[in-house]
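Values in this document were obtained by computation on a predicted structure and should not be read as measured data.
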2 protein chains.
Amino acid sequence: MNAITIKDVAKAAGVSSATASRVLSGHPATSPASRAKVEAAAKELGFVPNAQARSLRSTKTDTIALLISDVRNPYFSDLAHAVEQQAHAEGIMTFIGNANEDSAQQDDFLAAMLSRRVDGLIMVPQGLGEDAERPSGMLQRLIASGTPVVFVDRSLAGVQVPSITASSTEALNEAIATLKHLGHEKIAFIGGPDHASTARERHRAFDAALEANGLDIDESLHFAGDFKAGSGARGARWLLDHPAAPTAVVIADAPMAIGALTVWREAGVAIGQELSVITFDEVDAMLMHDPPISTISHDLSGMGRAAVAALTAVMAGQSPEPEEFISHFTQRESLSRARTGAAKMEGTPTHES
Amino acid sequence: MNAITIKDVAKAAGVSSATASRVLSGHPATSPASRAKVEAAAKELGFVPNAQARSLRSTKTDTIALLISDVRNPYFSDLAHAVEQQAHAEGIMTFIGNANEDSAQQDDFLAAMLSRRVDGLIMVPQGLGEDAERPSGMLQRLIASGTPVVFVDRSLAGVQVPSITASSTEALNEAIATLKHLGHEKIAFIGGPDHASTARERHRAFDAALEANGLDIDESLHFAGDFKAGSGARGARWLLDHPAAPTAVVIADAPMAIGALTVWREAGVAIGQELSVITFDEVDAMLMHDPPISTISHDLSGMGRAAVAALTAVMAGQSPEPEEFISHFTQRESLSRARTGAAKMEGTPTHES
DNA sequence: CGATTCCATGGAATCGATTACATAGTTTTC
DNA sequence: GAAAACTATGTAATCGATTCCATGGAATCG
């Protein structure tokens, strides 16, 4: 058992525990002589301060929590990595928690963090089931407790918390313009769950982009997934059976895209020829795919760093402005000219033009 | 500020803080009457116990740490997910740390955990650079401090710590037998970094499988990667330029496979025809690939659960046996009969046969 | 029925650090 | 050269829970 306390160090160095503490925590009022003695003794004994005792008294834990909605989604693990690296560089530990897209688990984690008195929290907020914009009770208590909080990726309209989000409006406009230019008019959308603000934002931006490009908004071309692979697969089947036979599709995240592309491969759909595909999230697998998939990508490292910066600002008593990152569209060979007439076009007249 | 302490609760309930503490931590010696009063008061005031103070006195944190070597590798994020779920089910919080395949970062994390007095640690151990089997100083201190430790996925030969590992011997035997049966004789191996015991185990098992199937072991067909996508891409180019023109390849993890397959797609290599591919780690992207890739998969959920079980056993003072999971080979269309002679065979005489 | 055991409870010590306050010694200032 | 201002240090209080110990009252026992 490592029972070495600061008193042991103080005794070994021949000073009081107060002096030892001052030396070890870098307090200026220490003489070079005692500094040397204490440091030598601490090293000699292999002293490791007890973080509990330290933060009980000082009310600082040098720890922040990061709550994401799915560790296994590469989007979030990239984000987690960026946040963790940046926090690490500032000497802050990161507690990573996983809500599993489930608000009960989110609350468990928040309760644990509140109890551990973390210095701050970065989270991808999850609305409550029916009422997507209402924060959970635990989140309200956490905010009420004065714990600095920053939202990243998603936001909750009713909650006054700085947020770092991504805007896909511009990228989707470009994407839809490109598709239109290639002759696509019936563009399907495989979206995410309504409780995620990201999903709503992408859906909204998709509709806006159609409109901006003079295309009809047709809700029957929208499939509601849940950001996980299984729903992408279901969306892929739904699209194959769709009476309107869309010629292009935009998918709202990478796991769903992987699920969908798997189904289309099995069904023998020629991606890029029969069906043009664009997906959110530029993960490596999209570049591995033959043909490579066009993507709308986010600057996740940037967002992670910005979140940490915003959080440290809040911790310092400031109120940072919300920050919005602009997503980026990259065209790849998964897009091609829409099949004109012929083939799959049965009984669906082109809408006046 | 949430300044509600147990004293406030005690006062509101009209009892002493000792009684309040007993009620709230489920101590048996409490009367129904005071139990009711304290619980009502705690709820009323929204009391959240201070975990620091609690564990300072009780020397329990109900927290374990999980140290993995790369959060962004789906293999490890799956493992993390399994560990976290299992621990959560047992009322234990999990601190997830990321060593980034870097032993300095590993030590930082271990120091932080030692200071926070976590109840236990599950880790994917990282040898020191040159001396792959020697534990870092921090790890030695952590073990010396009496903190229960369990290794998962990898192990360190010199360290007496229960470990949960995966054996790929059987799966590789089956894989190589399958390849041989299809006429492949020159099988390349894109392996991992030597400091990872998993990488060494897979390499060893690969050689053993060649031998068991009567094939020559040719170290010139072994490429040393680092488990990340970039090295897979380099391995892919190395293979294309290889004078022996291997007809099949086994890749030691999924990120390298994705990197490699991307290069081969760009180079127009027909996977499954010109080149048969088997990879470790059954991630979704491998099933999305056309043709789907044959994999050697691990029961990550099982390993995660076993790791938590082993750790709780150690925490309870027992010494659980090391456990080895058997990996599983799944053949898919990425394998086909080796091209006999012809095509790419320029000036590379078949090695005596 | 007196003695013993059991229970619920409160007072106070405790965990291991930090830090307010007091003090003695040293340096600066007018 | 005396007052003022630092400086380095030690003593003791403190953070918020848990837990040891003592106590008074109720239940059990012989």
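Residue pairs meeting the ring-ring contact (aromatic ring centres under 6.0 Å, His included) criterion with at least one member in residues 88-111 of chain B, sequence neighbours excluded: A:Phe95-B:Phe95. Under the side chain to side chain donor-acceptor pair (under 3.5 Å) criterion, the residue pairs touching residues 23-33 of chain B are B:Thr30-B:Arg35, B:Ser31-B:Ser34, with sequence neighbours excluded. Each ring-ring contact (aromatic ring centres under 6.0 Å, His included) pair with one or both residues in residues 56-76 of chain A, not counting sequence neighbours, appears once here: A:Tyr75-A:His298.
Between the CG atom of A:Asn50 and the P atom of C:dC15 there is a distance of 12 Å, given to the nearest Å. Look at CD1 on A:Ile6: it is 20 Å from P on D:dT14, rounded to the nearest Å. Protein atom CZ of A:Arg54 is 9 Å distant from nucleotide atom C1' of C:dT18, rounded to whole Å. If you take CG of A:Leu56 and P of D:dA13, they are 17 Å apart, rounded to a whole angstrom. For the pair A:Ile4 CD1 and C:dG16 P, the interatomic distance rounds to 12 Å; values are reported in whole Å. Atom NZ of A:Lys60 is separated from atom P of D:dT14 by 22 Å (rounded to the nearest Å). Atom C1' of nucleotide D:dC15 and atom CD of B:Gln52 are separated by 10 Å, given to the nearest angstrom. Here the C1' atom of nucleotide D:dT18 and the CG atom of B:Asp62 are 14 Å apart, to the nearest Å.
The side chain of A:Ser34 places no N or O atom within less than 4.0 Å of a non-bridging phosphate oxygen (OP1 or OP2) of D:dA8. Regarding contacts with the backbone of D:dG10, a side-chain N or O of A:Ser16 is found under 4.0 angstrom from either OP1 or OP2.
From A:Thr94, atom OG1 reaches atom CG of B:Asn98 across 10.0 Å, with rounding to the nearest 0.5 Å. Taken from CG in B:Leu139 to CG in B:Leu110, the straight-line distance is 6.0 Å, to the nearest 0.5 Å.
Mapped onto DNA chain C by nearest heavy atom, B:Val15 and B:Ala53 fall at different nucleotides, with B:Val15 at the one closer to the 5' end. Comparing A:Leu24 and B:Arg35 along DNA chain C, the residue whose closest nucleotide (by nearest heavy atom) sits nearer the 5' end is B:Arg35.
Side chain to side chain, A:Thr63 and B:Arg116 meet the donor-acceptor criterion of an N or O pair below 3.5 Å.
Under the salt bridge (charged side-chain N to carboxylate O under 4.0 Å, His left out) criterion, A:Arg154 pairs with A:Glu101, sequence neighbours left out. Considering only residues two or more places apart in sequence or on other chains, A:Thr61 meets the side chain to side chain donor-acceptor pair (under 3.5 Å) condition with A:Asp119. For A:Lys7, the side chain to side chain contact (heavy atoms under 4.5 Å, CB included) test picks out A:Thr5, A:Ser17, with sequence neighbours left out. Here B:Ser163 pairs with nothing under the side chain to side chain donor-acceptor pair (under 3.5 Å) rule; sequence neighbours left out. In this structure A:Ser58 satisfies the side chain to side chain donor-acceptor pair (under 3.5 Å) test with no other residue, sequence neighbours excluded. Under the side chain to side chain donor-acceptor pair (under 3.5 Å) criterion, B:Arg22 pairs with no residue at all, not counting sequence neighbours.
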Measure all distances between protein nitrogen or oxygen atoms and nitrogen or oxygen atoms of nucleotides 19-26 of chain D, and list the pairs falling under 3.5 Å.
| residue | atom | partner | partner atom | Å |
| --- | --- | --- | --- | --- |
| D:dT19 | O4' | B:Arg57 | NH1 | 3.4 |

For nucleotides 23-27 of chain C, print each protein N/O atom paired with a nucleotide N/O atom at under 3.5 Å, atom names and distance only.
none

So what does the secondary structure string of DNA chain D come out as, 5' to 3', with Watson-Crick or wobble pairs under 3.5 angstrom, [ ] for crossing and | for pairs with another strand? ||||||||||||||||||||||||||||||
